[in-house]
Amino acid sequence: MSADSGRRTREIVSYAIAAVQAGLDVFGLGEHHSWDFAVANPAVPPAAIAQATSRIRLAGAVSVLSTADPVRLHQDFASLDLISDGRTEIIAGRSAFVEAFGLFGVDLEDYDDVFAEKLRLLLAIRENPEHVTWRGRFRPAMDGLSVQAPPQQPQLPLWLGVGGTPSSMERAGRLGLPMALGLIGGDIRSVRPSSSTTARSAQRPATPPTGCGSADPATPTSAARPRAHATTSSPSARNASAPNRPPDAAFTSDAPSSTPRRYRSAR
């Protein structure tokens, strides 16, 4: 298993180079803690990608904030930002997988509370990493501490990764954070009402980050990440990813995508 994980991890760099060649703008890696996935820390492989690319932005998609130390998370991605010459973004989420909770000693009963608290701390670090004062239930207090090293960007762009739960979308709106919707299944058209939920909950205009979002305040600060399997033709994609599924015209298509390039992904 270790040899296979090593091969899969090294291949990630070639996937990122292929993404650059395909004209994609962002390359994101998820965080998982099971033998089915090769990446446990989504800030580490992008450091290698940063040395092989010069334009594409790099993100954790998502980083499981619930089971992470926000101080270490910010440090990891700030270091990546320095290595990548300011191309790093954080997508922080709660995770749809439970392995990390037992591994890092986080009680699932605190699933939402611990995420909300750690998100507040991450926002405080991001706002002023040189002087952090903070109190909470799930982590020791911080009294005027400095979180080194600072990123190259003035602030690390931060997205709230959500899986479709209305309360998560409302939280993104209340905090003025851009939302990255992980569309695990269902119709891509469901994204529109999800974005509306976030917009209705906003207490103030969101500050658009660079990279995944836009510097134009008129551009909605939300993104969706549907699953995709890319091959040379629709039949080969169907046979490879769902060999027992009957032919279905809605399953895949050779027609050009109408989705803006920025929000397409390759797998």
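Keep in mind it's a predicted model, so treat the numbers as computed, not measured. Keep in mind that the numbers below use all heavy atoms, side chains included, and drop hydrogens, waters and symmetry copies.
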Nearest atoms (heavy-atom pairs only) where Val62 meets Ala92: CB-C, 4.4 Å
Atom CZ of Arg87 and atom CD1 of Ile83: how far apart are they, to the nearest 0.5 Å? 11.0 Å
Measure the spacing between CZ of Arg57 and CG of Leu24 and express it to the nearest 0.5 Å. 14.5 Å
Quick one: pull up CZ in Arg126 and CG in Leu119 and give me the separation to the nearest 0.5 Å. 10.0 Å
Cluster check Leu177, Leu73: I/L/V/M/F/W/Y, side chain < 4.5 angstrom: yes
If two hydrophobic side chains count as joined below 4.5 Å and joins carry through other members, does Val147 share a cluster with Trp134? yes
Measuring from atom CD1 of Ile125 to atom CE of Met142, what distance do you get when rounded to the nearest 0.5 angstrom? 5.5 Å
Are Tyr15 and Val39 joined in one hydrophobic group, where the rule is that I, L, V, M, F, W and Y side chains link up if heavy atoms are under 4.5 Å apart? yes
Shortest non-hydrogen contact from Ile17 toward Ala52: CD1-CB, 4.2 Å
Counting C-beta onward and ignoring hydrogens, is there a side-chain heavy-atom pair between Arg55 and Asp25 closer than 4.5 Å? yes
Looking only at heavy atoms, what is the nearest atom pair of Arg94 and Phe115, with distance? CG-CG, 3.3 Å
Nearest 0.5 Å, what's the CD-CZ distance between Glu31 and Phe97? 11.5 Å
What one should report as the nearest heavy-atom pair of Ser168 and Leu160 is O-CD2, 3.7 Å
Which is it for Asn128 and Val132 under the side-chain contact (heavy atoms from CB on, under 4.5 Å) test, yes or no, and what are the steps along the way? CA-CA 7 Å; Asn128 184 9; Val132 181; 5.9 Å; no
May I ask you to test the Leu58-Glu89 pair for a side-chain heavy-atom distance under 4.5 Å? no
For Lys118 and Asp69, indicate whether the former's side chain and the latter's backbone hold a donor-acceptor pair under 3.5 Å. no
Given the options Leu82, Leu158, Ile90, Phe77 meets side chain to side chain contact (heavy atoms under 4.5 Å, CB included) only with Ile90
Would a 4.5 Å heavy-atom cut-off, applied to side chains only, mark Thr67 and Leu103 as touching? no
If you define the side chain from C-beta out and look only at heavy atoms, does anything of Pro46 sit under 4.5 Å from Leu29? yes
Given side chains that start at C-beta, do those of His32 and Glu99 come closer than 4.5 Å, heavy atoms only? no
For Leu65 against Pro70, the heavy-atom pair lying closest together: CD1-CG, 4.1 Å
Where Ala38 and Ser5 come nearest, the two heavy atoms and their spacing: CB-O, 4.2 Å
CZ on Phe101 to CD on Glu109, rounded to 0.5 Å: 11.5 Å
May I have the step-by-step check of salt bridge (charged side-chain N to carboxylate O under 4.0 Å, His left out) for Asp112 and Arg171, ending in yes or no? CA-CA 11 Å; Asp112 189 67; Arg171 175 163 32 218; 2.8 Å; yes
Quick test of your reading of the model: are Asp143 and Arg135 salt-bridged, counting only N-O distances below 4.0 Å? yes
Single-linkage hydrophobic cluster Leu122~Met179, side-chain heavy atoms < 4.5 angstrom: yes
Do the side chains of Gln153 and Leu156 get nearer than 4.5 Å, heavy atoms only? yes
Side-chain contact test, heavy atoms from C-beta onward, threshold under 4.5 Å: evaluate it for Pro129 versus Gln148 and give yes or no. no
Linking I/L/V/M/F/W/Y whenever their side-chain heavy atoms sit closer than 4.5 Å, directly or via other members, would Val44 and Val13 fall into one cluster? no
Counting distance only, does the side-chain N/O of Asp76 pair as donor-acceptor with the main-chain N or O of Ala43 below 3.5 Å? no
May I ask you to test the Leu121-Arg139 pair for a side-chain heavy-atom distance under 4.5 Å? yes
